[in-house]
> 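Quick one: the structure is below, questions incoming.
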Number of protein chains: 2
Amino acid sequence: MVSVGSHKPNIRQVAVIAGVSHMTVSRVLNDHPNIKPDTRRRVLEAIEELDYRPNLAARALATQRSRRIGVIVESSGAFGPTSILSAIELAARGAGYSVAQIALHEGDGLSPQAAVESLMMQGIDALCVIAPRSSSVAALRRVVISVPMLVVKADADPTFLTVSIDQHAGAVLLVDHLVALGHRDILHISGPLDWLDARARERAFHSRTKSLGIRERPIVVGDWTADFAYDFAMGLNRLPDYTAVFAANDEMAVGLIHGLHDKGFDVPNDLSVVGFDDVPLARHVLPPLTTIRQNFHALGVAVVEMLRAAIEEREIPAFTRIPTEIVTRASTAPPREVR
Amino acid sequence: MVSVGSHKPNIRQVAVIAGVSHMTVSRVLNDHPNIKPDTRRRVLEAIEELDYRPNLAARALATQRSRRIGVIVESSGAFGPTSILSAIELAARGAGYSVAQIALHEGDGLSPQAAVESLMMQGIDALCVIAPRSSSVAALRRVVISVPMLVVKADADPTFLTVSIDQHAGAVLLVDHLVALGHRDILHISGPLDWLDARARERAFHSRTKSLGIRERPIVVGDWTADFAYDFAMGLNRLPDYTAVFAANDEMAVGLIHGLHDKGFDVPNDLSVVGFDDVPLARHVLPPLTTIRQNFHALGVAVVEMLRAAIEEREIPAFTRIPTEIVTRASTAPPREVR
DNA sequence: TGCAGTGATGTTGCCGAGAACAGCTCTGTA
DNA sequence: TACAGAGCTGTTCTCGGCAACATCACTGCA
């Protein structure tokens, strides 16, 4: 029997090699002051020699802190939530936290509450929910948990810490862009209205068009998918009265352009189209899409910063708004009558 | 002082309420046999009453099992890796496992080894690496860990458990489709050749065109981005000799179509184009893209099934191949001379 | 009647860390 | 010379579970 234990070394074995108590090793690991440099060196050498790594489960048990953040993300297939999740993970790692993630897929029967519970059992220090739907926000409101909770959603909320991408400003940028080109009659194809982002974009569209004195026209309620917008376009039998379409996301914008094309209409000459998201392909579809770019990186940083502050019980504002910018491309042009 | 402890109940408090020892509670929690139905009921009632949830960190410490799978994913922005990760997470949850994820972003200085170590410290039962590059696979070969390790990559590998999407079959389907349409001169725009998927698709392209007796033509090595393919197309000053292009992913296919369009060439009338991935927008870009659909769901299930078997030390094949299918759309048509 | 077998439950100790407190060794000062 | 206080390190206990073994009450059978 070879004496080099094949199993993972623990803090006491390190202590034996270094000729100190395990608490001294623990102090070195946690950067406590008042450790003699020579002792520290011996401990570090022993750690090196054994290739020791602390057991985080044991540490979590002892400290009641896991340095782990739970993230719940809905419709993880979509571009927005995925990008947000990835940005949070990166920012969390930068702050020394890891991420435990649960994706709520449609119809897999996992309720937001169950997801919260499952994460809490894993011992998270804080919870972040990427909650695009009002129904899930309502469900969250009833959840009581013992760690800080932050929600990424379209608007501020007194119940939670909140980080929002500025949907309103983005929608206003798009409307202003179209109006500047000369459009006076714009159709809005929204996302499903129980999605907060859809609702925010729709409200911003209404209030901006109204304040600019533009014709009030009923919106079309879509479902975010390109298929929906394609089918809608295929239902048009002649060029409509409106001269521009504001689709609530890029996917619908692309589907719409596809359908218009199949119906023999040209974008942007017959109709201008804008989207929202700036998905990677938005720049290269035909015609390239005017859209809104969201700063996911800034969002991830803000989420982690706010959660850290909450964990450490520092005072911070409970709300952060992330700016957006418009990206102007060939899918928008002045309407015919102006040219 | 109210006696209802504001802090989380533990197994001993449950035991007191139920009037049993804490081990009986543990047995109920873990579905041991030989518990009297009446006792079980009392324990469950006490759990309910206290709203007790087991502490998974403590359980992991005691059992040396975390029911957590580590996943390392490279270039998490890309469609493929993201879809794979999401599929694995879903399948893992179905099997009662959670997922600890680390994304390797380009240039964030985290090596695959460091990622492995970081996950091991978190106490994972098994490791899955979504490793698209040969360099990372080479790095992994030198990693020694004490848990089962599975790599999702383009081909089988004696070193690891492996799950592969059948890149070869997919590429063959595309070549055969083009040849069936009458194309005899096809350009391949590959991904970066240190990516295993790119390499596999390129090799399949070569071997299939060769065995069909089609003109050998040097490939163009791309970088997966639509921008690259766009620029490539913009460099064409006249219609090339080849009549079809096999782009190694959808993004490059779309960028290429964009560039060809800007140069005044028409797809598919001047040139047929195929991609690989079937991204959500592939169906709605103009023209809709002929491409390869990969079964990510099946992949996720296979990954989790193989890892479970390895964790439980059951015998299983060390390699699973996931099939692909071709989706034929309007970006491909017979070449001019055939019509 | 005695006893082995088994079903149901309890007792003790350990997993690998950190907290709290105790204790030792200096140093400087009265 | 005594002693306070700071710096450094050790001892013991705890976190919340589970494994291993111990115990006890039945049951069935020789």
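The sequence lines fix the lettering, A, B, ..., with proteins before strands; numbering per chain opens at 1.
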> What is the minimum heavy-atom distance between B:Asp155 and B:Thr162, and which atoms define it?
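Smallest interatomic distance, heavy atoms only, reads O-CG2, 3.3 Å.
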> Please confirm whether the backbone N or O of A:Ala18 pairs with a side-chain atom of A:Arg42, one donor and one acceptor, at under 3.5 Å?
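Present.
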> What's B:Pro54 touching, base or sugar-phosphate or nothing? Going by heavy atoms closer than 4.0 Å.
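It contacts sugar-phosphate atoms only.
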> Could you tell me the separation between the CZ atom of A:Arg67 and the C1' atom of C:dA17, rounded to a whole number of Å?
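My rounded result for the distance is 16 Å.
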> Can you sort out which residues in residues 19-31 of chain A have a heavy atom within less than 4.0 Å of DNA chain C? Ascending by number, please.
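Close to the strand are A:His22, A:Met23, A:Ser26, A:Arg27, A:Asn30.
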> Closest to the B:Ile11 side chain: D:dG17, D:dG7, C:dG18?
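Given the options D:dG17, D:dG7, C:dG18, the side chain of B:Ile11 is closest to D:dG17.
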> Starting at CD of B:Gln64 and ending at P of D:dG17, how long is that distance when rounded to a whole Å?
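The distance from CD of B:Gln64 to P of D:dG17 comes to 16 Å, rounded to the nearest Å.
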> Which atom pair, heavy atoms only, marks the closest approach of A:Val147 to A:Asp125?
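Nearest heavy atoms, A:Val147 then A:Asp125: CB-O, 3.4 Å.
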> Taking the nucleotide of DNA chain C with the closest heavy atom to each, which residue, B:Thr39 or B:Ala58, is nearer the 5' end?
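Between the two, 5'-proximity favours B:Thr39.
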> OP1 or OP2 of C:dG16 less than 4.0 angstrom from a side-chain nitrogen or oxygen of A:Asn55, does that happen here?
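It does not, given that no N or O in the side chain of A:Asn55 lies less than 4.0 Å from OP1 or OP2 of C:dG16.
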> For D:dG17, does the base pair up with any side-chain atom of B:Arg12 as donor and acceptor (N or O, under 3.5 Å, distance only)?
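Indeed there is one.
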> Measure the distance from CD on A:Gln122 to P on D:dG17 and round it to the nearest whole Å.
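Rounded to whole Å, this separation is 15 Å.
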> Tell me which of A:His32 and B:Ile35 sits closer to the 5' end of DNA chain C, going by the nucleotide each one is nearest to.
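Result: B:Ile35.
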> Base, sugar-phosphate or nothing for B:Arg65? Non-hydrogen atoms, less than 4.0 Å.
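Nothing, no nucleic acid heavy atom in range.
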> Tell me if a side-chain donor or acceptor on A:Ser118 pairs with a main-chain N or O of A:Ala114 at a distance below 3.5 Å.
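Flag not set: sc A:Ser118 to bb A:Ala114 has no pair under 3.5 Å.
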> Given atom CG of A:Asp38 and atom P of C:dT25, what is their separation to the nearest angstrom?
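In whole Å, C:dT25 P lies 18 Å from A:Asp38 CG.
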> Nearest-Å distance, CZ (B:Arg40) to C1' (C:dA8)?
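Roughly 12 Å, once rounded to whole Å.
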> When you look at CZ of B:Arg40, are more than 12 heavy atoms from neighbouring residues, nucleotides or ligands closer to it than 6.0 Å?
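Correct, the count exceeds 12.
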> Quickly work out the A:Lys36 NZ to D:dA6 P distance and round it to whole Å.
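Atom-to-atom, A:Lys36 to D:dA6, this comes out as 19 Å.
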> Please report the distance, rounded to the nearest Å, between CG in A:Leu61 and C1' in D:dC15.
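Computing the A:Leu61:CG to D:dC15:C1' distance gives 4 Å.
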> What is the separation between atom CG on B:Asn34 and atom P on C:dA8, rounded to the nearest whole Å?
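It is 5 Å, rounded to the nearest whole Å.
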> Which heavy-atom pair separates B:Ser86 from A:His105 by the least distance, and what is that distance?
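Result for this residue pair: OG-NE2, 3.5 Å.
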> Taking 4.0 angstrom as the limit, do B:Lys153 and B:Asp197 come out as a salt bridge?
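Between B:Asp197 and B:Lys153 there is no salt bridge, as every charged N stays at least 4.0 Å from the carboxylate O atoms.
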